[in-house]
Amino acid sequence: MNNFEKNTSQFCLGISKPLNILDKNTLQLINYSLEKNFYVHTSLSYPVNFFFIKYFLTKKKRNRINFICKILADTEENFKKSIHLTLKKFGIKKIHIVQLINLPISGEGLRNNMNLDNNEFFKIITLIDNYKKKGIIDKVYLQILSTDSLEFCKLFIKCLDGFAFYANLKEIQIKKEVFELIKDKNIPSIILSVFGNPDINKIEKNLHIDAFKFSQSFFSKNTIAVGRTLKISRLKEIINIESSNKENFSPSFTETDEKQDTAHNFYRRYKVTTFIYIIIFMTKCLVKRIITNKILNYFKKQNLF
């Protein structure tokens, strides 16, 4: 038996870039992800995609998708607003995993135990419990940063369901002691950008396979790997991965200058998707489709296919 078989649903398709909504391959990618029960990672702050999900997929299909969505948590008001906007704009009834991208922090320095607004955070936790009871959300993970201390991360173990952070074959963007906490406590995790950001001319042939193996063997048992791809063949290969005890991963622990996102930036990116923006984007997709068809027809006439 394939030892990774039980983990095939632990892959998550990332759709941060605008999808070509007139490309049949895109629909096949979404349908395949549905068929194999993959998660789909997205956000209101990603242009066009919530429009694509709502109006190009049937209600039945989009409500079958296991969504992981970025949500604000800097205030109770923004948490509530970003939850309800996400449900409305994607046309869905539930968010399976909420990824909290920020916290109520006073000041602009590093997040720590002292500058967390406990009263505001308690209000958010109360809302989370309420939404879970109503079936609006299933789980809530906190996105942790490379600068977050061990003591700070420990604050959230009991009140949240897991952590989300950036990691790939080369580096893990959290502190080593936080990583050891995750392993020791078997804390469920979401690995963001598990494929990394390889140079387009230097993509390793089996990167997606090695990256998924890395996510399923190097972290806690319940780890979801988020990877962005437009090639359905890569998803099919991930399904057929076989485990190996010979894997030897040695990523470094890297600290970056990344700070938690702000509500201002989140809403600014969300508001990019105006009616005019959608029309322009769809026109570009249509032109690309027409040009591609003309090129294919030309080569067919030349008997090159």
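No experiment lies behind these values; they were computed from the predicted model shown.
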Next on the checklist: Pairing donors with acceptors under 3.5 angstrom, does anything connect the side chains of E237 and N206?
Outcome noted: no
Checklist entry - In this structure, are over 12 heavy atoms from other groups packed under 6.0 Å from I276 atom CD1? => result no
Item to check | Centroid-centroid distance, F38 to F11, less than 6.0 Å | outcome: yes
Next on the checklist: Can you tell me how the ring of Y270 sits relative to the ring of Y267, calling it parallel under 30°, perpendicular over 60° and tilted otherwise?
Outcome noted: perpendicular
Next on the checklist: If we count only N and O atoms by modelled type, under 3.5 Å, do the side chains of K61 and N31 hold a donor and an acceptor together?
Outcome noted: yes
Checklist entry - In Å and rounded to the nearest 0.5 Å, what is the CD1 to CZ distance from I280 to F275? => result 10.5 Å
Checklist entry - Is it true that H84 and Y131 have ring centroids separated by less than 6.0 Å? => result yes
Item to check | N63 (side chain) donor-acceptor with K93 (main chain) under 3.5 angstrom | outcome: yes
Next on the checklist: Would you call the rings of F152 and F156 parallel, tilted or perpendicular, taking 30° and 60° as the class edges?
Outcome noted: perpendicular
Next on the checklist: I'd like to know if the side chain of D210 and the backbone of L207 have a donor-acceptor N/O pair within less than 3.5 Å.
Outcome noted: no
Next on the checklist: Please check this pair: side chain of N49 against backbone of T42, looking for a donor-acceptor N/O pair closer than 3.5 Å.
Outcome noted: no
Checklist entry - Is a donor on one side and an acceptor on the other found under 3.5 Å between the side chain of Q260 and the backbone of L103? => result yes
Checklist entry - From Y39 OH over to I190 CD1, what is the distance, rounded to the nearest 0.5 angstrom? => result 8.5 Å
Checklist entry - Hey, does the side chain of Q173 reach the backbone of F253 with a donor-acceptor pair shorter than 3.5 angstrom? => result no
Next on the checklist: Could you check whether any side-chain N or O of S220 sits under 3.5 Å from a backbone N or O of I182, counting only pairs where one atom can act as donor and the other as acceptor?
Outcome noted: no
Item to check | OH-NZ distance between Y46 and K17, expressed to the nearest 0.5 angstrom | outcome: 12.0 Å
Checklist entry - Is there a donor-acceptor contact under 3.5 Å from the side chain of R62 to the main chain of L57? => result yes
Checklist entry - Does the ring centre of F218 sit less than 6.0 Å away from the ring centre of F179? => result yes
Next on the checklist: Any carboxylate oxygen within less than 4.0 angstrom of a Lys/Arg side-chain nitrogen, looking at D261 and R269?
Outcome noted: yes
Next on the checklist: For D129 and T126, which I'm curious about, is there any donor-acceptor pair between the side chains at under 3.5 Å?
Outcome noted: no
Item to check | Carboxylate-amine/guanidinium proximity below 4.0 Å for D148 and K154 | outcome: no
Item to check | Point-to-point distance, once rounded to the nearest 0.5 Å, from CD1 of I157 to NZ of K185 | outcome: 6.5 Å
Next on the checklist: Can you see whether Y32 has K236 sitting over its ring - NZ or CZ less than 6.0 Å from the centre and within 45° of the normal?
Outcome noted: yes
Item to check | Check: G14 main-chain N/O paired with R228 side-chain donor or acceptor under 3.5 Å | outcome: no
